[in-house]
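As structure tokens, the structure follows; a few thoughts come after it.
Position 1 is the first residue of the sequence; numbering continues from there. Since we're looking at a predicted model, the values are computed, not measured.
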Amino acid sequence: MSPRLLMLSSFVGRSRSFTRNIQYVQGQSPEEKIREYFYYVDHQGQLFLDDARIKNFTSCFKEKQFLQFFFTRLERNHTSRYQETFPFVSLCGRERNFVRCDDLPIVFTDILPSKTEAEVDQLSYAYAGSLLTVPFSPQDICMLPSTGRVYHTGPNKAGGVGLVKSSLALEMSRHFEFNNGEKFPPTHFTWKNKRHFLTNALIEILQVLRRETRVHNSENI
């Protein structure tokens, strides 16, 4: 049995599950040689089987190579199956791994400092350390005053934007300036003694992404 199947065998039962009136069975085979699994990403970036009764650190997936394999294949769900409830999918060979999320499926969990001045810092996501990163672009940070949540550009396949984990967002928020007032997104962000003007271009991207994927779990923008 492959490491992938060994990992799943400890989690997956054959119980029937219901999510928003959508019925499924983990590991179901809607057609020959195709298997389907269903996952959930919380606002801290932890990945769970969608039907896990208890969702906490003990029940989330932690193996970094698996997380890398899973999230590098994550994309918008264009399979015509479960699109409204599971707006993202990770296609792994003959497996369809459908994903829903509390906010967004990409959640940045750590900043990995650059080793030299010529390099840029990296934002790591999905608790995979250096295996899953995007370059940290301070001017692309965006905070929504209505929720206090912070976002940064992310992998294009997964929508082009990711949520920043709350503890990391709190650290970043200390470096925001609100020259238009606190009811509006911050205007500047200071990082490593350099003051950056914030484009806030992600606001429009977030609005479009939520409309197209029908992600309604989080507060409206």
Would you indicate whether the side-chain heavy atoms of I111 and S124 approach each other to under 4.5 Å?
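The answer is no; the side chains never approach within 4.5 Å.
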Just by distance, with hydrogens left out, do Q122 and S114 show a side-chain donor and acceptor under 3.5 Å apart?
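Side-chain D/A pair, Q122 to S114: absent.
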Under a plain distance cut-off of 3.5 Å, with no hydrogens placed, do Y24 and D50 share a side-chain donor-acceptor pair?
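A pair is found: one side chain offers a donor N or O, the other an acceptor, under 3.5 Å apart.
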Ignoring hydrogens and angles, tell me if any N or O in the side chain of [X] forms a donor-acceptor pair with the backbone of [Y] under 3.5 Å.
X: K64; Y: S130; answer: no
X: T85; Y: Y82; answer: no
X: R195; Y: T190; answer: no
X: T153; Y: V161; answer: no
X: Q46; Y: D42; answer: no
X: E95; Y: C92; answer: no
X: D121; Y: F136; answer: no
X: S90; Y: F70; answer: yes
X: D110; Y: L112; answer: no
X: N156; Y: G160; answer: no

Distance from Y125 atom OH to Q68 atom CD, nearest 0.5 Å?
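Interatomic distance, Y125 OH to Q68 CD, rounded to 0.5 Å: 9.0 Å.
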I need the F69 CZ to N97 CG distance, nearest 0.5 Å.
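Output value for this atom pair is 8.5 Å.
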Between F108 and Y151, is the ring centre distance below 6.0 Å?
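Between Y151 and F108, which both carry aromatic rings, the centre distance is not below 6.0 Å.
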Who passes side-chain contact (heavy atoms from CB on, under 4.5 Å) against E31, sequence neighbours left out?
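side-chain contact (heavy atoms from CB on, under 4.5 Å) check on E31 returns I34, R96.
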Starting from the C-alpha separation in whole Å, work towards a yes-or-no answer on side-chain contact (heavy atoms from CB on, under 4.5 Å) for V164 and M172.
CA-CA 9 Å; V164 177; M172 291 179 174; 4.1 Å; yes
Output, in order, the C-alpha distance, side-chain angles, deciding distance and verdict of side-chain contact (heavy atoms from CB on, under 4.5 Å) for L206 and L104.
CA-CA 10 Å; L206 281 163; L104 294 173; 3.8 Å; yes
Less than 4.0 Å between a side-chain N and a carboxylate O, is that true for D102 and R149?
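Yes, R149 and D102 are salt-bridged.
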Pi-cation contact, [Y] with [X] (under 6.0 Å, within 45°):
X: K157; Y: F71; answer: no
X: R174; Y: F176; answer: no
X: K55; Y: Y40; answer: yes

In terms of heavy-atom contacts, does [atom1] of [X] have more than 12 from other residues, nucleotides or ligands at under 6.0 Å?
X: R81; atom1: CZ; result: yes
X: E119; atom1: CD; result: yes
X: K192; atom1: NZ; result: yes

With clusters defined by side-chain heavy atoms of hydrophobic residues (ILVMFWY) lying less than 4.5 Å apart, directly or transitively, does [Y] cluster with [X]?
X: L131; Y: Y127; value: no
X: F178; Y: V150; value: yes
X: V107; Y: L170; value: no

Least distance between heavy atoms, [X] atom then [Y] atom:
X: P186; Y: M143; value: CD-O, 3.6 Å
X: R76; Y: V89; value: O-CG1, 3.8 Å
X: A128; Y: L67; value: CB-CB, 4.3 Å
X: P138; Y: L198; value: O-CD2, 3.3 Å

Determine the interplanar angle of the F38 and F98 rings, folded into 0 to 90°, and report it as parallel if under 30°, tilted if 30 to 60°, perpendicular if over 60°.
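Parallel, since the angle between the ring planes stays under 30°.
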Would F66 and F61 count as a ring pair (Phe, Tyr, Trp, His ring centres under 6.0 Å) if you check the C-alpha gap in whole Å, the side-chain angles of each, and the deciding distance to 0.1 Å?
CA-CA 8 Å; F66 169 74; F61 289 90; 5.0 Å; yes
side-chain contact (heavy atoms from CB on, under 4.5 Å), that's the test. Do L91 and R73 meet it? Break it down for me.
CA-CA 6 Å; L91 300 174; R73 289 160 175 77; 5.6 Å; no
